[in-house]
K.L.:
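Dumping the structure here so I can ask a few things about it.
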Amino acid sequence: MNESKNFLESIVEKDLQSGKYKEIVTRFPPEPNGFPHIGHAKSIFINFGIAREYNGHCNLRMDDTNPTTEDTKYVEALKDAVIWLGYKWDGNVRFTSDYFPALYEYAKKLITMGKAYVDSLSEEEIREYRGTVTEAGKRSKFAQRSISENLDLLERMKNGEFAEGEHVLRAKIDMAAPNMKLRDPLLYRIRHAHHFRTGNEWKIYPMYDFAHCLSDYIEGVTHSICTLEFENNRDIYNWVLDTLELEPPRPYQHEFARLNINYTVMSKRKLLELVEGGYVNGWDDPRLPTIAGYRRKGYTAEAILTFCDQVGVAKANSIVDVSQLEFCIRDDLNKKVPRVLCVLNPLKVTIENYEGREEIDAPYYPHDVPKEGSRKLPFSREIYINREDFEENPPKGYYRLTPQQPVRLRHGYIISCKEIIKDDAGNIIEIKAAYYPDSKSGNDTSGIKVKSAIQWVSADSAKEVEVRLYERLYKSEFPEGIEDLNPNSLQIIKNALIEPAVVTEKPDKRFQFEREGYFYADPLDYTDEKPVFNKIVGLKDSWGKKKTEKQPRAKKSQEKKIQIDGEVTPMTPQQEKFFQRYTQELKLNNEVANTLARDEILSSLYEEALTLLNTPVNLANLIVNEVAREIKEKGFEALQFAAKELAQLTAMLDEEKISNKIAKQVFEEMAKSGKNPTKIVEEKGLVQISDPALIEPIIEEVIAKNPDNVEKFKAGNKKLLGFFVGQALKATGGKANPKIVNELVAKKLG
RNA sequence: UGGGGUAUCGCCAAGCGGUAAGGCACCAGUUUUUGGUACUGGCAUUCGGGGGUUCGAAUCCCUCUACCCCAUCCA
């Protein structure tokens, strides 16, 4: 498990601690209009994971408010995905459509409150009236309708008296809102369509923004977690819940960045295009990032979950490298799966000095995997090895069989090449070899050193199998469309040869084909007569990499990106006047003066404080930095202090009664409680300690407690000075005079 | 162009005024009858840029830049 907390976990912990909620309730709320993919897995992992972590529960809710796109086959797939990933939803599967009656009542309530109206503008008009990002919209004349008329119209909409598009129900919020989503959002539209659950019962269907928040509320959800593109919808979410004056507690929405992986597409539209266009073989094609695809390919749920955990949850749009996912599945399978021998591209080898046959006892697991089990490996005069494991003219660093270099047959004997047989075209078709009888694995007395052991199968007992080799679907790292498809994403080998135990014993469904990768017995097409294996992922291959790479490796551009400074809005004459006064008369630095001059609130506060205390620089710094933050966070009206308190605080600073560090602490307290700063200092005894005699023993102690850091410091790590100062300051509760501490630490450490 | 977000290593990502976590990738080396695994070590003098505040800034303030989302009767 990822040890550091993500921002959602922090929020949940805070809400639990503050008593905002007694129990955490989350929900995974997909629309059943497509097959789930690994992006859903991330959402499932987060929602169910948080519920599990904090002993709450998580609902599975189908957000089925759009009858034209949804289908029950998708709800089954979604349910399967959750179960496969190992989670259990609370109670039954929920459906937004279950709440249609309740939602309808809430809509009537909004109308009654004068907060919603039936609009009869056309679709096009509604769009026009909405305005643009820079221009305010204008409200429909139908917003004037009376409550009773609205109520009547809504009921008749529900009863099917109107055609689609004739009317809609809208929230009455603000047609000039800077957030476009708030410009009287639609709440209901008329749809004469068949819904896969409610049939033809409803003629009106609620929109996402109306249905989602209320469904969350109805289910008692506490944390409504969704992806970043809903950030703008959060305002409506809150508006609906607040306006309806629902009994608390109510849910709050939090957004995280959706999952993206390079060489992969995740959008419903593009996935659909691949399937419908026949570029892949259905929704469970192993090249697809769908849950069904990964499953068919042989991925384990554990690997997917580990991956979700590793990539973390944050708010920055990002694209994760596929190698992270590949690592997860390799890492999982490495410790679970039996190793067997399979020859993908067979080359016949006749061992001329061997007669008869024998069975070699071979363990399924290597020494570093703590699992038991073994099988018999038949060996005979005729065997097959992989074509790539023999080279007539080997490149430098080649470890396998060559005319000069012997090689070990894994679990078996060492062989060496005696003769190369070629066909008329010059292709190698067979190797004549000799084996060393005293080199058998386990009791090798031959003393021959080989550089590698290769996989092989005995010709008389090997089984022919089909192996499907999958590579990334796209050749482009950030694929756009079908033009970026990798033409070689699927290679089918019809006549690979595998050792018999795999088919007869079936020790598992997943295997490592030694030196090749991990493979999975295809759950649909595999039969004992015609076994089929899918490649899950290859092994790491440092040899193959060495061979292919070498030359490209574009050197990264060393120069930093040059950033152009944009234009700064010029000051008004009034601001200019202030600026002049601040810089020249009061000797403030340009930056501080500039900030002050441009901000009316700050400057008036400053001017006022100046009349109480004539310390222009310290006062300006306090206002520009600390007060500005306070105003930014809470607003000017919420300020708990006035110019007088600021002057008092600054005065203490001037007298060096308190240090800057303490001043910040006092300021925070003052901003929170509105207490008088002098009083805070007195009550908490925050007066600065500047006497070296008092500080010195503390420093001694810090030094004594951190011998290794002293070492590091003496070895040249000068950054550690800050560490020691910090520790000493901490020991005094921040009261020690930092300047003095700095000096003393520097002196003591030489 | 208004509003809402986001920027920390090649890719993810912690960090919330006092020593720049961790994972993947990569590079060395050790072990190895899988060119796998495991193990060891190396990988950000610097946090999008520029200023400011502070003894001390990735963290606070100002400002600029880049990218993402919003003008579906989709979710």
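Not measured: the values here are computed from a predicted model. In what follows, chains carry the letters A, B, and so on, assigned in the order in which the sequence lines appear, proteins first and then strands, with residues in each chain numbered from 1.
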K.L.:
Find which nucleotide of RNA chain B each of A:Q310 and A:N179 is nearest to by heavy atoms, and output the residue with the more 5' nucleotide.
P.N.:
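It is A:N179, whose closest nucleotide lies nearer the 5' terminus.
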
K.L.:
Can you tell me which residue pairs pass the salt bridge (Lys or Arg N to Asp or Glu O under 4.0 Å) test with a partner in residues 326-340 of chain A, sequence neighbours excluded?
P.N.:
A:E302-A:K336, A:D331-A:K335, A:D332-A:K336

K.L.:
How many whole angstroms separate atom CZ of A:R61 from atom C1' of B:rA75?
P.N.:
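Roughly 12 Å, once rounded to whole Å.
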
K.L.:
Quantified in whole Å, what is the P atom distance between nucleotide B:rU33 and nucleotide B:rA58?
P.N.:
50 Å

K.L.:
Using Watson-Crick or G-U wobble geometry with both distances under 3.5 Å, which nucleotide pairs with B:rC26?
P.N.:
B:rG42

K.L.:
Could you state the CZ-P distance from A:R191 to B:rU72, rounded to the nearest angstrom?
P.N.:
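After rounding, the gap between these two atoms is 15 Å.
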
K.L.:
Identify whether any heavy atom of A:D209 sits under 4.0 Å from a base atom; if not, whether one sits that close to sugar-phosphate; answer base, sugar-phosphate or nothing.
P.N.:
nothing

K.L.:
Would you classify A:T65 as touching base, sugar-phosphate or nothing, given that sugar-phosphate means primed atoms plus P, OP1 and OP2, and contacts are heavy atoms under 4.0 Å?
P.N.:
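Answer is sugar-phosphate: A:T65 comes under 4.0 Å of backbone atoms only.
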
K.L.:
Verify the distance criterion only: is there a donor paired with an acceptor across the side chains of A:N179 and A:D235 at less than 3.5 Å?
P.N.:
yes

K.L.:
Where along residues 120-128 of chain A does a heavy atom come under 4.0 Å from RNA chain B, residue by residue in number order?
P.N.:
A:L121, A:S122, A:E123, A:I126, A:R127

K.L.:
If you check every side-chain atom of A:Q324, which of B:rG52, B:rA75, B:rG23 has the closest atom?
P.N.:
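My answer, after comparing the listed nucleotides, is B:rG23.
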
K.L.:
Under 4.0 Å, counting only non-hydrogen atoms across every strand here, what does A:V627 touch: a base, just sugar-phosphate, or nothing?
P.N.:
nothing

K.L.:
Write down the distance separating the P atoms in B:rU46 and B:rU72, rounded off to the nearest Å.
P.N.:
47 Å

K.L.:
A:N232 CG to B:rC74 P: how many Å, rounded?
P.N.:
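Taking CG of A:N232 and P of B:rC74, I get 18 Å after rounding.
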
K.L.:
What one-letter contact string describes nucleotides 28-39 of chain B from 5' to 3', where B marks a base within less than 4.0 Å of any protein heavy atom, S marks contact via sugar-phosphate atoms alone, and - marks no contact?
P.N.:
-----BBBBB--

K.L.:
For nucleotides 65-68 of chain B, tabulate all protein N/O to nucleotide N/O atom pairs closer than 3.5 Å, reporting atom names and distance.
P.N.:
| residue | atom | partner | partner atom | Å |
| --- | --- | --- | --- | --- |
| B:rC68 | O2' | A:N317 | ND2 | 3.2 |

K.L.:
Measure from CD on A:E3 to P on B:rG22 and round the result to the nearest Å.
P.N.:
11 Å

K.L.:
Syn versus anti for B:rU31, judged by chi lying within 90° of 0?
P.N.:
anti

K.L.:
Applying salt bridge (Lys or Arg N to Asp or Glu O under 4.0 Å), can you list everything that pairs with A:E229, at least two apart in sequence or on another chain?
P.N.:
A:R258

K.L.:
So, A:E31 and A:N33: side-chain donor and acceptor under 3.5 Å apart, yes or no?
P.N.:
yes

K.L.:
With RNA chain B as reference, determine whether A:F7 or A:V168 sits nearer its 5' end, using the nearest nucleotide of each.
P.N.:
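The answer here is A:F7.
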
K.L.:
Confirm from the modelled atom types if A:K719 and B:rU46 form a donor-acceptor pair under 3.5 Å, side chain to base only.
P.N.:
yes

K.L.:
Is there a donor-acceptor pair under 3.5 Å between the side chain of A:N706 and the backbone N or O of A:V702?
P.N.:
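Present.
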
K.L.:
Please determine, by modelled atom types, if A:N618 and A:T650 share a side-chain donor-acceptor pair under 3.5 angstrom.
P.N.:
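Per modelled atom types, A:N618 and A:T650 side chains form no pair under 3.5 Å.
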
K.L.:
Taking atom P in both B:rC9 and B:rG41, compute the distance separating them and give it to the nearest angstrom.
P.N.:
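That atom pair is separated by 24 Å.
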
K.L.:
Just the rounded figure in Å: distance from P of B:rG5 to CG of A:L228.
P.N.:
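That distance rounds to 10 Å.
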
K.L.:
Within the 4.0 Å heavy-atom criterion, would you say A:K712 contacts the bases, only the backbone, or no part of the nucleic acid?
P.N.:
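Contact class for A:K712: base.
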
K.L.:
Please determine, for the side chain of A:A628, which listed nucleotide (B:rA75, B:rG52, B:rC61) has the closest atom?
P.N.:
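Nucleotide nearest to A:A628's side chain: B:rC61.
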
K.L.:
With distance as the sole criterion, do the side chain of A:N2 and the base of B:rG23 form a donor-acceptor contact below 3.5 Å?
P.N.:
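For A:N2, whose side chain was compared with the base of B:rG23, there is no donor-acceptor pair (under 3.5 Å).
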
K.L.:
Taking only residues two or more places apart in sequence, or in another chain, which ones meet A:E633 in a side-chain hydrogen bond (donor to acceptor under 3.5 Å, both in side chains)?
P.N.:
none

K.L.:
Would you classify A:F230 as touching base, sugar-phosphate or nothing, given that sugar-phosphate means primed atoms plus P, OP1 and OP2, and contacts are heavy atoms under 4.0 Å?
P.N.:
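Since a base atom lies under 4.0 Å of A:F230, the category is base.
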
K.L.:
Name all residues meeting the salt bridge (Lys or Arg N to Asp or Glu O under 4.0 Å) criterion together with A:K661; count only those two or more places apart in sequence or in a different chain, and write none if there are none.
P.N.:
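A:K661 satisfies salt bridge (Lys or Arg N to Asp or Glu O under 4.0 Å) with no residue once adjacent residues are dropped.
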
K.L.:
Verify whether one side chain among A:S441 and A:H411 offers a donor that lies under 3.5 Å from an acceptor in the other.
P.N.:
no

K.L.:
Is the ring pair A:F519/A:F513 parallel, tilted or perpendicular, if the boundaries are 30 and 60 degrees?
P.N.:
parallel

K.L.:
Report the nucleotide, chosen from B:rA71, B:rU19, B:rC73, that has the shortest atom-to-atom distance to any side-chain atom of A:N709.
P.N.:
B:rU19

K.L.:
Classify A:T132 by what it touches in the nucleic acid, base, sugar-phosphate, or nothing, heavy-atom distance under 4.0 Å.
P.N.:
base

K.L.:
Could you pull out all residues at least two apart from A:N594 that satisfy side-chain hydrogen bond (donor to acceptor under 3.5 Å, both in side chains)?
P.N.:
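A:N594: side-chain hydrogen bond (donor to acceptor under 3.5 Å, both in side chains) contacts with A:R598.
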
K.L.:
Within the side chain of A:E477, is there an N or O that forms a donor-acceptor pair under 3.5 Å with the backbone of A:N262?
P.N.:
no

K.L.:
So A:G165, base contact, sugar-phosphate only, or nothing? Heavy-atom distance under 4.0 Å.
P.N.:
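If one applies the 4.0 Å heavy-atom cut-off, A:G165 turns out to touch a base.
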
K.L.:
How is A:V725 classified with respect to the nucleic acid when contacts are heavy atoms under 4.0 Å: base, sugar-phosphate, or nothing?
P.N.:
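Base: the residue A:V725, judged by heavy atoms under 4.0 Å, touches a nucleobase.
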
K.L.:
How many whole angstroms separate atom CD of A:E31 from atom P of B:rA75?
P.N.:
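It is 6 Å, rounded to the nearest whole Å.
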
K.L.:
Given the C1' atoms of B:rG17 and B:rC12, what is the spacing between them in whole Å?
P.N.:
27 Å

K.L.:
Taking only the side-chain heavy atoms of A:V311 (C-beta and beyond), determine which of B:rA25, B:rC12, B:rA75 contains the nearest atom.
P.N.:
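Nucleotide nearest to A:V311's side chain: B:rC12.
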
K.L.:
Take atom P in B:rG56 and the same atom in B:rU19, then report the distance between them in whole Å.
P.N.:
15 Å

K.L.:
Heavy atoms only: give me the nearest A:Y237-A:S224 pair and the separation to one decimal.
P.N.:
OH-CB, 3.2 Å

K.L.:
With a 6.0 Å cut-off (strictly less than), is the heavy-atom count around CD of A:E656, excluding the residue itself, greater than 12?
P.N.:
no

K.L.:
What pairs with A:E255 under side-chain hydrogen bond (donor to acceptor under 3.5 Å, both in side chains), at least two apart in sequence or on another chain?
P.N.:
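Only A:R234, A:Q253, A:K315 meet the side-chain hydrogen bond (donor to acceptor under 3.5 Å, both in side chains) criterion with A:E255.
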
K.L.:
Return the set of residues passing side-chain hydrogen bond (donor to acceptor under 3.5 Å, both in side chains) with A:E514 (not counting sequence neighbours), or none when no residue passes.
P.N.:
A:R410

K.L.:
Counting Watson-Crick and G-U wobble pairs only, both distances under 3.5 Å, name the nucleotide matched with B:rC60, or none.
P.N.:
B:rG52

K.L.:
Whole Å only: how far is the CD atom of A:E255 from the C1' atom of B:rC69?
P.N.:
11 Å

K.L.:
Can you tell me if A:N621 touches the phosphate of B:rU54, counting only side-chain N or O atoms and a distance under 4.0 Å to OP1 or OP2?
P.N.:
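Yes, A:N621 has a side-chain N/O under 4.0 Å of OP1/OP2 on B:rU54.
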
K.L.:
Please, which pairs that meet side-chain hydrogen bond (donor to acceptor under 3.5 Å, both in side chains) have at least one residue in residues 715-741 of chain A, sequence neighbours excluded?
P.N.:
A:S690-A:N737

K.L.:
Among A:R408, A:R400, A:K451, which one satisfies salt bridge (charged side-chain N to carboxylate O under 4.0 Å, His left out) with A:D389?
P.N.:
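Checked A:R408, A:R400, A:K451 against A:D389; only one passes salt bridge (charged side-chain N to carboxylate O under 4.0 Å, His left out): A:R400.
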
K.L.:
In whole angstroms, how far is the P atom of B:rA25 from the CD atom of A:E326?
P.N.:
9 Å

K.L.:
Paired with B:rC67: which nucleotide, if any, by Watson-Crick or G-U wobble criteria at under 3.5 Å for both distances?
P.N.:
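B:rC67 is paired, partner B:rG5.
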
K.L.:
Quote, to the nearest angstrom, the P distance that separates B:rU65 from B:rA28.
P.N.:
44 Å

K.L.:
Any N/O pairs under 3.5 Å between the protein and nucleotides 56-60 of chain B? List them or say none.
P.N.:
| residue | atom | partner | partner atom | Å |
| --- | --- | --- | --- | --- |
| B:rC60 | O2' | A:R629 | NH1 | 2.8 |

